[in-house]
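The structure appears below as structure tokens.
All values reported here derive from a predicted model rather than from experimental measurement.
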Amino acid sequence: MVKILLQIWHRDKASTYSHAYNKGKTLVFSKVPLPDYRADLDERHGSTQKEIKMSTETERRVENLLTRSKEALTINDSAGPSAPSGKQSFPGTSTTESDSTSKVDKQRFSAQLRDLQNSKKASPSARAMQSFREKLPAYRVKDDFLKAVAANQVLVISGETGCGKTTQLPQFILEEEIENLRGADCSIICTQPRRISAISVAARIASERGENLGETVGYQIRLEAKRSAQTRLLFCTTGVLLRRLVQEPDLSGVSHLLVDEIHERGMNEDFLIIILRDLLPQRPDLRLILMSATINADLFSKYFGNAPIIHIPGFTFPVAELFLEDVLEKTRYKINSEFDDYRGSSRRRRQQSTKSDPLTEIFEDVDIDSQYKSYSTSTRQSLEAWSGTQLDLGLVESTIEHICRHEGDGAILVFLTGWDEISKLLDKIKENNFLGNSSKFLVLPLHGSMPTVNQREIFDRPPSNMRKIVLATNIAESSITIDDVVYVIDCGKAKETSYDALNKLACLLPSWISKASAHQRRGRAGRVQPGVCYRLYPKVIHDAMPQYQLPEILRTPLQELCLNIKSLQLGAVASFLAKALQPPDPLAVKNAIELLKTIGVLDDMEELTPLGRHLCTLPLDPNIGKMLLMGCIFQCLGPALTIAAALAHRDPFVLPINRKEEADAAKRSFADDSYSDHIALLKAFEAWKDAKRSGRDRAFCWQNFLSPITLQMMDDMRNQFIDLLSDIGFVNKARGLKDYNHYGNDLEMVCAVLCAGLYPNVIQCKRRGKRTAFYSKEVGKVDIHPSSVNAGVHEFPLPYMVYSEKVKTASIYIRDSTNISDYALLLFGGALIPSKTGDGIEMLGGYLHFSAPKSVIQLIQRLRGELDKLLQRKIVEPGLDIPAEGKDVVAAAVELLHSQNIYH
DNA sequence: GAGCACTGC
């Protein structure tokens, strides 16, 4: 029996430079001081010793297996790295024109396209369609637009919703090209940020042209396409185009590229335009059209050397706008201060006791009595008591009530920040029953994780005597459109991700929205008739809101983006990103590169390693991609595919509003005694597959609070991953997948593979009295997220957890976790560094320290060395037959993992 | 003692 002592990493207390760090930021939201979690780590960790056992029997068996493997294995280091094939097909368009396609054929095809277009135009239905199209504001700029496209390589279009830019402009180009007998040579691509819009816009245009979808107009999104060799106008998601760039770096098959919704400043779009700006000089014939909302069109024009801007006026019905002060006048609602006992000086007291954000502070400095002279005393008192930090649900309820009593028909859409607010407001409405007859009102929650998202009643018009009230998050701002909304109630906030580069911490905190978002929310009330927007915040705050939201590239960790930059051979990461419209914080770039080095994707020269090159072919975050490859190598392919698909896409467990205890119980029953959210995902997916085979999948999903759409997507993604693994030679599909699943039911092995992929996302579990506390290297104490199967568990069988997401919300939460052993970490975690004192092993930059007798340390190091060699060989020669060549090494690892079993 | 913005390859 041996003891391994776990010692705690020592470091000097870091000075707090969060203040200076934040001072450098220009945007309001970032000015809220961040704590520097790196301070006081030692204190929070305390010092512990951990005892684990390795029986002499285990030691002997591992020893034997290793010796056997040494005899069997001849290491072949001479094989050079094989570049991944990157084979992915993009059918159609002019890239694959064979030599036999002569000029004459092309001319004939162009003529055919024109004849077809003209004959369709002549039909009565097309004429009706044409007159509809001519009413759109976009039609009035048609000639100017086509002239500008001909004369300029880059063009910026600014236009509001309802102007028809997305459906008309690509169509104008298509018609013009076909009409001028260039149909066969043109290939127009229009990118959309979201899958649904790519499909629906393509469908709309096909129908305007009187064609079937997939003829001259088609779409391509991940795992789904409707296009043909005839297709000349293709709608795709920005992600699909970025993948296409891997094989076709100069987009040689494309004649016109339209990038839509760039004002949203998504990561993909920001990334794409850096590439495009560099590409344009090499492709003088390529036309680039950037489509944006009016609010920041100048920004893009400047980025492309003052490209001309064409503005298209929007068309929506007018929407009246009321701010908090007006809402209070109308509703007569009394806001009660959180400091009721100190009425009169409540604002000052609040200023002293709670930290508010800069926008709220602006309002707290306003002298209510002089600024709001014309308002009633009651309103002024309410404004005094109003808190910018906490939403007053009574005010929301009262506003709904006001609309129902005094305004005309029409659905009400309420923008809230999250699940909790939706749930509480729903309860409050039911409880108070202010609306009297509940059969007159249909109150519907709408949240990305609620099972109601796909229900028809959200989109359908309610019966004529019923009013629909939708309580939604940001999902209703651009992803889901409810046409019959006439009234919008806007709380003015949304949960927003941000990235704290200093603490390497992703955050998800409610913050004030931008003017652009506020405008978008208001617009949701004017789709079918004039509407009203009730803003539950003062005009003073609205006026102080930032113009637009911080671009995503400044709000997220960058490892996946960095991998894509290397994959597209765009040069050094930092200098490439410095060319962005708004370049990310150099510290965030540094963090991403360091992570990629830690997990073996980049070498010291910042070049892709063989592992890194394989990961480029997988559309996954590098950690998850690595987990998938490790699952393949260590013969847990099925579980790795499933877990990778869920982590990359979204959680298949839904969060119902009424039955959350049952939903929680269902998830826990899938986890059984694994202490793992990942195993819960895996078991749920497997049970769904079984249910599907016997045709009871619908009932199964309903009973177990699972989303059938998410599970189906996961299934499709698994197949895509198998194809990609087969392309890079990791999987031989002809052989069947059974060989890659030898340990598919061995949960210790699955957890070890999770550890291999998710490292360095490791936390320590430490007993603190009757409970367990959790510590991370970067920020010290963390909590298990309440939605995790590990929440509320006081005692864990194993000393560590791996996780894929750590997010700061109310506290710093580990969202998903799997309990793992020392051996999983030692064999599959980070590099084993001999400690300076010479008596043990360090990992995670010295944060974890293992010490043990020499023989044990040596045995572990030897096994780890063999595993690493095997891994390296497989990565360099992907066709290597692990079941045959690595059998004993893998068996030795399994032996050790099982010796700390929790399942057996 | 308690909680889950949204996209995408």
Exercise. Taking atom P of B:dT7 as reference, at what distance in whole Å does atom CG of A:Leu223 sit?
Worked result: 17 Å
For this session: Give the nucleotide from the list B:dC9, B:dC4, B:dA2 with an atom nearest to the side chain of A:Pro619.
Result: B:dC9
Exercise. Under 4.0 Å between a side-chain N/O of A:Lys660 and OP1 or OP2 of B:dC4, yes or no?
Worked result: no
Exercise. Rounding to a whole Å, what distance do you find between A:Phe721:CZ and B:dC9:P?
Worked result: 11 Å
Problem set entry | Phosphate OP1/OP2 of B:dT7: any A:Arg650 side-chain N/O under 4.0 Å | yes
Problem set entry | Interatomic distance where NZ belongs to A:Lys770 and P belongs to B:dG1 [whole Å] | 14 Å
Problem set entry | Pi-cation contact, A:Phe774 with A:Lys781 (under 6.0 Å, within 45°) | no
Exercise. Between A:Thr417 and A:Glu421, do the side chains contain an N or O donor and an N or O acceptor separated by less than 3.5 Å?
Worked result: yes
Exercise. OP1 or OP2 of B:dC6 sitting under 4.0 Å from any side-chain N/O of A:Thr473?
Worked result: yes
Exercise. Is B:dC6 in the syn range, within 90° of 0, or in the anti range?
Worked result: anti
For this session: Kindly state whether the ring of A:His263 and the ring of A:Tyr548 have centres lying under 6.0 angstrom apart.
Result: no
Exercise. Contact class for A:Glu269 vs. all strands (heavy atom < 4.0 Å): base, sugar-phosphate, or nothing?
Worked result: nothing
For this session: Drop me the distance from A:Leu234's CG to A:Tyr219's OH, to the nearest 0.5 angstrom.
Result: 11.0 Å
Problem set entry | Distance below 4.0 Å between A:His785 side-chain N/O and B:dC4 OP1 or OP2 | yes
For this session: Assign A:Arg222 to base, sugar-phosphate, or nothing according to its heavy-atom contacts below 4.0 angstrom with the strands shown.
Result: base
Exercise. Using a cut-off of 4.0 Å on non-hydrogen atoms, how would the nucleic acid contact of A:Ala648 be classed: base, sugar-phosphate, or nothing?
Worked result: base
Exercise. Looking for any heavy atom pair under 4.0 Å, which part of the strands does A:Arg265 touch: base, sugar-phosphate only, or nothing?
Worked result: nothing
Problem set entry | Residue pairs involving residues 706-718 of chain A (criterion salt bridge (Lys or Arg N to Asp or Glu O under 4.0 Å); sequence neighbours excluded) | A:Lys689-A:Asp715
Exercise. Counting side-chain heavy atoms from C-beta on, which of B:dC6, B:dG8, B:dC9 comes nearest to A:Val240?
Worked result: B:dC9
For this session: Just compare B:dC4, B:dG8, B:dC6 and give me whichever is closest to any side-chain atom of A:Ser479.
Result: B:dC6
Exercise. Which part of the nucleic acid, if any, lies within reach of A:Thr237 when heavy atoms closer than 4.0 Å are counted: base, sugar-phosphate only, or nothing?
Worked result: sugar-phosphate
Exercise. Given atom CG of A:Leu245 and atom P of B:dG8, what is their separation to the nearest angstrom?
Worked result: 19 Å
Exercise. Which whole-number value in Å describes the distance from A:Asp621 CG to B:dG8 P?
Worked result: 17 Å
For this session: May I have the distance from A:Asn719 (atom CG) to B:dC9 (atom C1'), rounded to whole angstrom?
Result: 16 Å
Problem set entry | Comparing A:Lys495 and A:Leu618 on DNA chain B - which has the more 5′ nearest nucleotide | A:Lys495
Exercise. For the pair made of CZ in A:Phe271 and C1' in B:dT7, what is the distance, rounded to whole Å?
Worked result: 17 Å
Exercise. Would you say A:Ser811 reaches B:dA2's phosphate, i.e. side-chain N/O to OP1/OP2 under 4.0 Å?
Worked result: no
Problem set entry | salt bridge (Lys or Arg N to Asp or Glu O under 4.0 Å), paired with A:Asp664, selected from A:Lys660, A:Arg668, A:Lys667 | A:Arg668
For this session: Under 4.0 Å between any heavy atoms, over every strand shown, what does A:Ile221 touch: base, sugar-phosphate, or nothing? Just pick one.
Result: sugar-phosphate
Exercise. Heavy atoms under 4.0 Å, any strand shown: does A:Gly266 hit a base, just sugar-phosphate, or nothing?
Worked result: nothing
Exercise. Over how many whole Å does the gap from A:Lys667 atom NZ to B:dG3 atom C1' extend?
Worked result: 11 Å
For this session: Classify the nucleic acid contact of A:Leu242 as base, sugar-phosphate or nothing, counting any heavy atom under 4.0 Å across all strands shown.
Result: nothing
